[in-house]
Protein chains: 2
Amino acid sequence: METGLLYDSLNSIHPIDGNAWSDFQALLLPIELAKNEYLIRNGERTQFAYMLLEGVVRVFYNKEGAEYNKTFFMPGTFPTALTALLSNEPSHLNFQALLPSKLIKFSYPAFRNLFKKHRCLESLLLAILEREWINKERHDIHMVINDGETNYLIFREEYPQLENLIPQYHIASYLGITPIQLSRIRAQLAKKA
Amino acid sequence: METGLLYDSLNSIHPIDGNAWSDFQALLLPIELAKNEYLIRNGERTQFAYMLLEGVVRVFYNKEGAEYNKTFFMPGTFPTALTALLSNEPSHLNFQALLPSKLIKFSYPAFRNLFKKHRCLESLLLAILEREWINKERHDIHMVINDGETNYLIFREEYPQLENLIPQYHIASYLGITPIQLSRIRAQLAKKA
DNA sequence: CCTATGCATTAACATAAGTTAAGGAATCTC
DNA sequence: GAGATTCCTTAACTTATGTTAATGCATAGG
């Protein structure tokens with residue numbers, strides 16, 4: 001199993017000492033998802049955290065049949081239902097692979113059990129939450145302040161290449177607009193250029 | 001200084017042992033804000049975390065003169081520029097008292113210095129971030145899924161009494177609509193009832 | 001190779017929400 | 001207590017975006 005990417009990602013967020021890493025590594029399990037397969041559906045509980053190695057995962061909420069995309073996860077990131085994990089409640093969100101994907105998973109309760117022995121892992125979790133908080137706040141500010149066109153341009157910077165890998169209606173949903181409106185925006189941008 | 005409310009709030013999030021609390025208590029400073037006075041303006045750095053004892057504080061972003069309200073803080077909560085504190089960068093957000101307010105403040109770096117001695121304080125910060133994350137996610141889901149009318153009703157549940165204490169244009173901005181549109185929604189609701 | 005399916009685009013139309021502007025109630029100030 | 005200020009409401013109008021529907025590629029399956 002390819003754990004080097006995971007180690008590098010985590011260690012760069014907060015240093016992990018050797019013993020902590022070997023205890024943690026014992027928890028890791030590889031999994032694969034086919035295109036359109038789900039990691040978690042809303043209403044399900046989960047005990048697992050994930051890291052994406054290959055592919056793309058989307059997160060969306062679901063209300064009366066309508067889907068609202070919230071985030072896309074790219075390789076090297078953590079498509080994990082944090083709220084469901086932390087609260088131990090059923091997830092309100094769905095996590096779905098949009099392409100054939102490879103991931104590493106590990107049990108979150110087992111991870112927390114290591115905190116007593118390895119304080120650096122608790123500090124690591126704190127550092128991850130801090131980083132996620134900062135990213136989310138920056139993202140939210142963009143989405144509120146800007147119009148659809150600007151957010152589309154930001155999307156293309158945030159997720160390079162992604163627009164060529166997934167249908168545009170997923171992007172439109174992420175931007176909070178209809179695919180028709182996205183099409184109009186793209187037409188306008190093409191005219192400008 | 002009235003530190004009981006702060007102790008109870010924090011201790012209920014994560015238990016704080018007696019020594020940790022007395023070391024922490026030594027950091028606390030009381031402050032007062034007049035109506036419309038700022039706690040932090042965008043572009044400023046800050047070292048301080050706050051707890052609100054009395055009054056109301058709003059958080060908003062500012063773009064080309066337009067203001068976008070993001071949150072309101074009520075007594076017992078923490079009107080703190082978390083992102084600016086954690087990242088040590090200038091704040092993108094403004095924190096402003098909407099009523100005469102009383103707060104407790106403490107230095108965040110000094111608080112972090114206590115982590116070595118009192119691990120329970122680090123666990124407390126982790127627990128606070130977890131809770132904030134969960135609240136924010138729930139809030140975001142509401143705002144994306146619902147229309148203006150539903151969000152206005154949710155606002156009234158989330159912040160009981162607040163709509164009588166502050167101008168309606170602040171509420172409209174929070175809901176992402178114009179004051180005129182909020183007025184139309186209120187007129188419709190009155191007609192239904 | 002032909003057909004069916006999924007997806008993006010475009011046009012025509014409908015609708016919800018923004019803009020501008022005016023009036024009036026409530027509150028503050030001198 | 002008179003005048004000024006603030007702010008909420010309402011109306012008339014404009015605009016942006018959603019809706020419905022038709023067209024045309026491209027790709028996959030038989």
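A note on names: the letters A, B, ... follow the listed sequences, proteins ahead of strands, and every chain is numbered from 1.
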- What is the ring orientation for Phe24(B) with Phe106(B), classed by angle as parallel under 30°, tilted 30 to 60°, or perpendicular over 60°?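 The arrangement is perpendicular - the two ring planes meet at more than 60°.
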Using only heavy-atom distances, determine whether the side chains of [X] and [Y] contain a donor-acceptor pair under 3.5 Å.
{"X": "Lys63(A)", "Y": "Asn146(B)", "value": "yes"}
{"X": "Tyr152(B)", "Y": "Glu163(B)", "value": "yes"}
{"X": "Asp23(B)", "Y": "His118(B)", "value": "yes"}
{"X": "Ser101(B)", "Y": "Glu32(B)", "value": "no"}

- Message: Please identify the 5'-most and 3'-most nucleotides of DNA chain D with any atom under 4.0 angstrom from a heavy atom of chain A.
- Response: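 Here the contact window of chain A covers dT17(D) to dT20(D).
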- Query: Are any of the side-chain heavy atoms of Asn151(A) and Met143(A) separated by less than 4.5 Å?
  - Reply: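 The answer is yes, as the side chains (C-beta and beyond) meet within the 4.5 Å cut-off.
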- Task: Please tell me if the side chains of Asn94(A) and Tyr38(A) come closer than 4.5 Å, counting only heavy atoms from C-beta onward.
- Result: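 Sidechains of Tyr38(A) and Asn94(A): in contact.
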Nearest whole Å is fine: how far is [N] [atom2] from [X] [atom1]?
{"X": "Ile185(A)", "N": "dT10(C)", "atom1": "CD1", "atom2": "P", "result": "13 Å"}
{"X": "Leu98(A)", "N": "dG6(C)", "atom1": "CG", "atom2": "C1'", "result": "15 Å"}
{"X": "Gln188(A)", "N": "dT10(C)", "atom1": "CD", "atom2": "C1'", "result": "14 Å"}
{"X": "Gln181(B)", "N": "dA16(C)", "atom1": "CD", "atom2": "P", "result": "10 Å"}

- Item | Charged tip of Arg58(B) within 45° of Phe60(B) ring normal and under 6.0 Å |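 Checked: cation-pi criterion met.
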Please set out all donor-acceptor pairs under 3.5 angstrom arising from side-chain atoms of residues 41-55 of chain B, sequence neighbours excluded.
unit_1	atom_1	unit_2	atom_2	d
Glu44(B)	OE1	Arg41(B)	N	3.2
Arg45(B)	NH1	Asn88(B)	O	2.5
Thr46(B)	OG1	Phe48(B)	N	3.1

- Can you list the residues that meet the salt bridge (charged side-chain N to carboxylate O under 4.0 Å, His left out) rule with Glu122(B), with sequence neighbours excluded?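 Salt bridge (charged side-chain N to carboxylate O under 4.0 Å, His left out) check on Glu122(B) returns Arg119(A).
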- Centres of the Tyr174(B) and His139(B) rings: under 6.0 Å?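 Yes, close enough.
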- Overall bend - the helix from dC1(C)-dG30(D) to dC30(C)-dG1(D), comparing terminal axes fitted on five pairs, nearest 10 degrees: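 What I find for the helix from dC1(C)-dG30(D) to dC30(C)-dG1(D) is an axis angle of 40°.
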- Task: Name the closest nucleotide to the Arg184(A) side chain, picking from dA8(C), dT19(C), dA12(C).
- Result: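 My answer, after comparing the listed nucleotides, is dA12(C).
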- Summarise protein proximity over nucleotides 23-30 of chain C in one line of letters, 5' to 3': B for base, S for sugar-phosphate only, - for none, counting protein heavy atoms closer than 4.0 Å. --------
- Query: Of all of residues 149-179 of chain A, which get a heavy atom below 4.0 angstrom from DNA chain C, listed by number?
  - Reply: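 Hits under 4.0 Å, by residue number: Pro167(A), Gln168(A), Tyr169(A).
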- Look at Glu130(A) together with Arg112(B) and state whether they make a salt bridge at an N to O cut-off of under 4.0 Å.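 Yes, this pair counts.
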- Message: With a 4.0 Å cut-off on N to O distance, would you call Glu149(A) and Arg156(A) a salt bridge?
- Response: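 Looking at Glu149(A) and Arg156(A), the cut-off is not met.
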